[in-house]
Amino acid sequence: MPQNTTSVNNKAKSQNTYDAIVIGSGISGGWAAKELTEKGLKVLMLERGRNYVHIKDYVTADKDPWQFEHRGAETQQQKKDNPVISRDWAYYGTAAHEELMNSWTNEKDSPYVEVKPFTWWRAYQMGGRSTLWGRQSYRWSDFDFEANAKEGIAIDWPIRYKEIAPWYDHVEKFAGISGSTEGLPQLPDGHYLPPMQLNCVEKDVAAKIKAFYKDRRHMFIGRVANLTAPVKGRTQCQFRNRCWEGCPFGGYFSTQSSTLPAAVATGNLTVRPWSIVTKILYDKDTRKATGVEVLDAETNKTYEFYSKIVFLNASTLNSAWVLMNSASDVWEGGLGSSSGELGHNIMDHHYLVGAMGTVEGYEDKYYFGRRANGFYIPRFANLFGDKRDFLRGYGYQGSAGRQGWSRDVAEMNIGAGFKEALTEPGGWYVGATGFGEILPYHDNKITLNKQVKDKWGLPVLAMDAELKENELKMRKDMVKDLVAMFEVAGVKNIWTYDKDYTIGQGIHEMGSARMGNDPKTSVLNAHNQVWDATNVFVTDGACMVSSACQNPSLTYMALTARAAAFAVDELKKGNI
């Protein structure tokens, strides 16, 4: 007797049905999976790239420099294959390690169009960029949440600090943030593990800045997601400063070391790598999402998965891409486009601007290990009576150290004297780079380019965003103020730089599906729900209404935990 086709289809759908689907496994996706599974939901987490297993797949983390074929430098072929991430500072240092290059997205398979220059760093693998991030973790304040409304820029944030503060508490305690409390209204304190320590030169520079500016400018150790004490089975930072290769000790927060194990421990999580979400399935009658369509990146087969709620955490620009590809039969611009704001208001933090100089004395001093952190100088511009010819402000991140064996000793460039000179560390230096706020301009946008396709035949994004007059004015002061502080601190031989920054290079992309109070001017409501489908939540950088100048990842974590709690409560009430 032939099998009932309807019965087979219903069985297949039942097997592919979950309480919640999380799209993306990076910082916010990992948090969504953890929070939802711990609240009892059966969750499917979809990652478009490879599986990347904690410890096992950190294949370079314990290698010595001489064990790399090219001693850590990327090859000419790697540069050719990855032209975007081989720009500027990526040519040098850790980000473009010959082995680490494999952690970044294959740009030939996944191209994009640059209407204006745009540097897009992507990591299509389990954990996303959570194993590659800089780990600086700062709260935002009401100076940030209220700025748009006070200045008449874009739209107002639908939340204030008091609404997100408990969620900052929640995520800091689990993630493990080390840092010092400073009592600054523009940079609220949190729940911190003991701070790492400034070295002797940094302490001296910090004290002189504080004294000269009469406690109006501050410099202290960064607040960083590196442990200084064990947390939930993870041991503390080993001061190896090789975080970008994955930490075998779990010494810093990542999906792999933290949220994924917590979610797996509930027994409620299913993880599916190589799963490109091509669209969110939308029911016009109920005005809700019913699930997602997935293209298997290895087999090119298409699958459908179903759920009561969807958390979209594919990263700022890819989350917009998914929305643009969804429900296009209802809205030409895609799900969430009814306001005309989907894909607009693209932001980042502009940087690659700063100064460096030498510090005399302290030749008898050194420091312990390779601290995976530096100092932070929080915003002071346009605060507390300070007035500039631009809006908003900037902070600085930097460090002091001693030159090593690779320095150039011009006076002794050959022989025993040269070798002997290099057995001692060189002089002290200090440097910093500024991170400035970019305003949310409507015409800084991304769009779908359907003429250009990726490896899987899917349309790609076209990037059309740039710095404008406000940011260009700000960059001048970012250099000037840093030089002034270094001069006050007695730094010598100061040189400055202002490289050709393009949006994306800060790797803090934000905007594209902003929150708001009005569905006519925003994509999401105050709880990160898509106005056009309230069982879809977007809690990564896409939701941001402004960019502040602090690193945003801690805010993504807090917003995700907050939205997950709200989603589960609404499910229980039958509201979504």
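If you read the sequence from its start, that first residue is 1, and numbering goes on from there. Everything numeric here is computed off the predicted structure, so don't read it as measured data.
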**Prompt:** Taking only residues two or more places apart in sequence or in another chain, which ones pass salt bridge (charged side-chain N to carboxylate O under 4.0 Å, His left out) with Arg514?
**Reply:** Glu341
Which residue pairs satisfy the salt bridge (charged side-chain N to carboxylate O under 4.0 Å, His left out) criterion with at least one member in [range], sequence neighbours excluded?
range: residues 17-33; value: Asp19-Lys308
range: residues 116-135; value: Lys116-Asp464, Arg129-Glu509
range: residues 180-190; value: Asp189-Arg223
range: residues 533-560; value: none

Would you say the side-chain atoms of [X] and [Y] include a donor-acceptor pair closer than 3.5 Å?
X: Asn268; Y: Lys42; answer: yes
X: Glu38; Y: Thr266; answer: no
X: Gln397; Y: Asn551; answer: yes

**Message:** List the residues meeting ring pair (Phe, Tyr, Trp, His ring centres under 6.0 Å) with Tyr376, not counting sequence neighbours, and say none if there are none.
**Reply:** Tyr138
**Prompt:** Residues two or more places apart in sequence or in another chain: which of them pass ring pair (Phe, Tyr, Trp, His ring centres under 6.0 Å) with Phe380?
**Reply:** Tyr394
**Complete:** Taken in chain and number order and not counting sequence neighbours, the residues that satisfy side chain to side chain contact (heavy atoms under 4.5 Å, CB included) with Ala149 are Asp156, Arg160
**Request:** Tell me, please, which residues at least two apart from Thr255 pass side chain to side chain contact (heavy atoms under 4.5 Å, CB included).
**Result:**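 Partners of Thr255 by the side chain to side chain contact (heavy atoms under 4.5 Å, CB included) criterion, ordered by chain and then number, come out as Ser130, Thr259, Leu260.
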**Request:** Could you tell me whether Asp296 and Arg272 make a salt bridge, using a distance below 4.0 angstrom between a side-chain N and a carboxylate O?
**Result:**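 Yes, this pair counts.
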**Asked** Charged N to carboxylate O below 4.0 Å: is that the case for Asp443 and Lys445?
**Response** no
**Request:** Quick one: which residue pairs count as a ring pair (Phe, Tyr, Trp, His ring centres under 6.0 Å) with a foot in residues 516-564, not counting sequence neighbours?
**Result:**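 Those involving residues 516-564 are Phe311-Phe537, His527-Phe566.
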**Asked** Residues two or more places apart in sequence or in another chain: which of them pass side chain to side chain donor-acceptor pair (under 3.5 Å) with Asp569?
**Response** Lys573
**Asked** Taking only residues two or more places apart in sequence or in another chain, which ones pass side chain to side chain donor-acceptor pair (under 3.5 Å) with Ser546?
**Response**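 Counting only residues at least two positions away or on another chain, Ser546 forms a side chain to side chain donor-acceptor pair (under 3.5 Å) with Trp157.
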**Request:** Evaluate the side-chain proximity of Tyr501 to Glu471: yes if any heavy-atom separation is below 4.5 Å, no if none is.
**Result:**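 No, side chains not in contact.
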